[in-house]
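Encoded as structure tokens, the structure appears first; notes follow it.
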Amino acid sequence: MRKTSWALCAAAAGAAVAVLAVPTITTDRSHGDTAITSISVNDGRPVLLGPQKATTFPLVVEARDDSGIRAVDPVGVWGPNYGVLRVGPMRCTPSSATASVCRGTVTVDPVKKQIFNDEAGTWFVDLQVKANDGDRYVAKTAGGFSLKRAAKLSGSGVPAKAAKGQRITVQGWLARSFWTDNRFHGYADGVAYLQFRPAGSHRWKTVAKAVSSASGTVRATVPVTGPGDFQWYSAGDKWTGDAVSQEMPVALR
């Protein structure tokens, strides 16, 4: 196992002995009327992590109890393939006599090998909310969020000027972050769309679709319909973030 600083609990199912390993930060059980009213990770947006730069994102927990909230502690996040990250101290501010808003941050640094490629995907918040009267709420999946490998797209092949109707081949390179060696690499079978925006318009229209080669290359041949801009766009997937290339202008000659 590559890493874990917290205990792992496993559940075996039948004769097939299927095992689900889930990092956990507490073995306590919930009791009393303590409850979470909302939880937000990175303001509801996916966390996009590049290959070299550490990323810090917020975690906000709103909780209530008839005696008031004392603390949210311990707390951490866990993901696929034993992915585990720690959360900084949660600071709770009462919003009423019975409710509090508690805020903390999570930092992940791929250079320090805190995460690996196969740990991209859906992550969960594991926490314990403690009330003033000793009640507590414990959950290993209190909230979910997406942690994705950041992607990027480049584009080339658009002439500065072309004749109307002239067919041009636009090429691009679709890459995503590899946390294993801290670089961007092209990858296969990613879907990218070539889009065109006529001069004077604010709307992009998809004019071609391409699937990346083993090296990440995408390519499409389309006619020039008038002056405007081309760009490549990829919507990403569960594991990889969205990407868009620079705008590539073309004028009529």
Margin query: Strictly distance-based, threshold 3.5 Å: is any side-chain N or O of Lys238 a donor or acceptor partner for the main-chain N or O of Ser146?
Written below: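 Not confirmed, Lys238 side chain does not pair with Ser146 backbone.
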Check: Within the distance-only criterion (no hydrogens, no angle test), does the side chain of Ser212 pair as donor or acceptor with the backbone N or O of Tyr187 below 3.5 angstrom?
Finding: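 Indeed, once roles are kept as given, a pair shorter than 3.5 Å links the two residues.
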Notebook entry, point to check: Given the rule in the side chain to side chain contact (heavy atoms under 4.5 Å, CB included) test, do Thr206 and Gln195 qualify, once you have shown the distances and angles that lead to the verdict?
Noted result: CA-CA 4 Å; Thr206 296; Gln195 299 180 325; 3.5 Å; yes
What's the shortest heavy-atom distance between [X] and [Y], and which atoms?
X	Y	result
Ser154	Ser245	C-CB, 4.0 Å
Thr55	Leu48	OG1-O, 4.2 Å
Thr240	Ala151	CG2-CB, 3.7 Å
Ser67	Asp65	OG-OD1, 2.7 Å
Pro110	Leu49	CD-CD1, 3.9 Å
Asn81	Glu119	O-OE2, 3.3 Å

Note to self: Could you walk me through whether Val87 and Val125 satisfy the side chain to side chain contact (heavy atoms under 4.5 Å, CB included) test, starting with their C-alpha distance in whole Å, then the side-chain angles of each, then the deciding distance to 0.1 Å, before giving a yes or no?
What the structure shows: CA-CA 10 Å; Val87 178; Val125 179; over 6 Å; no
Check: Does the gap between the ring centers of Phe116 and Trp179 come in under 6.0 Å?
Finding: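 For Phe116 and Trp179, the ring centres are not under 6.0 Å apart.
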Item checked: Interatomic distance, Gln128 atom CD to Tyr137 atom OH [nearest 0.5 angstrom] ->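 So the CD of Gln128 and the OH of Tyr137 are separated by 12.0 Å.
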Margin query: Count I, L, V, M, F, W, Y as connected when their side-chain heavy atoms are under 4.5 Å apart, and connections chain through other members. Are Val158 and Val224 then in the same cluster?
Written below: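 Hydrophobic grouping puts Val158 with Val224.
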Note to self: Would you call the rings of Phe145 and Phe57 parallel, tilted or perpendicular, taking 30° and 60° as the class edges?
What the structure shows: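 Correct class here is tilted.
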Checklist line | Arg136 side chain to His31 side chain, donor-acceptor N/O pair below 3.5 angstrom | finding: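 Side-chain D/A pair, Arg136 to His31: present.
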Note to self: Going by side-chain hydrogen bond (donor to acceptor under 3.5 Å, both in side chains), name the residues that satisfy it together with Asn182, two or more places apart in sequence or in a different chain.
What the structure shows: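 Asn182 satisfies side-chain hydrogen bond (donor to acceptor under 3.5 Å, both in side chains) with Lys113 only.
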Note to self: Evaluate Thr141 against Trp78 for side chain to side chain contact (heavy atoms under 4.5 Å, CB included), listing each step before the verdict.
What the structure shows: CA-CA 9 Å; Thr141 55; Trp78 62 272; 3.8 Å; yes
Margin query: Does Leu147 form a side chain to side chain contact (heavy atoms under 4.5 Å, CB included) with Ile115? I'd like the steps, not just the answer.
Written below: CA-CA 10 Å; Leu147 198 163; Ile115 194 165; 3.7 Å; yes
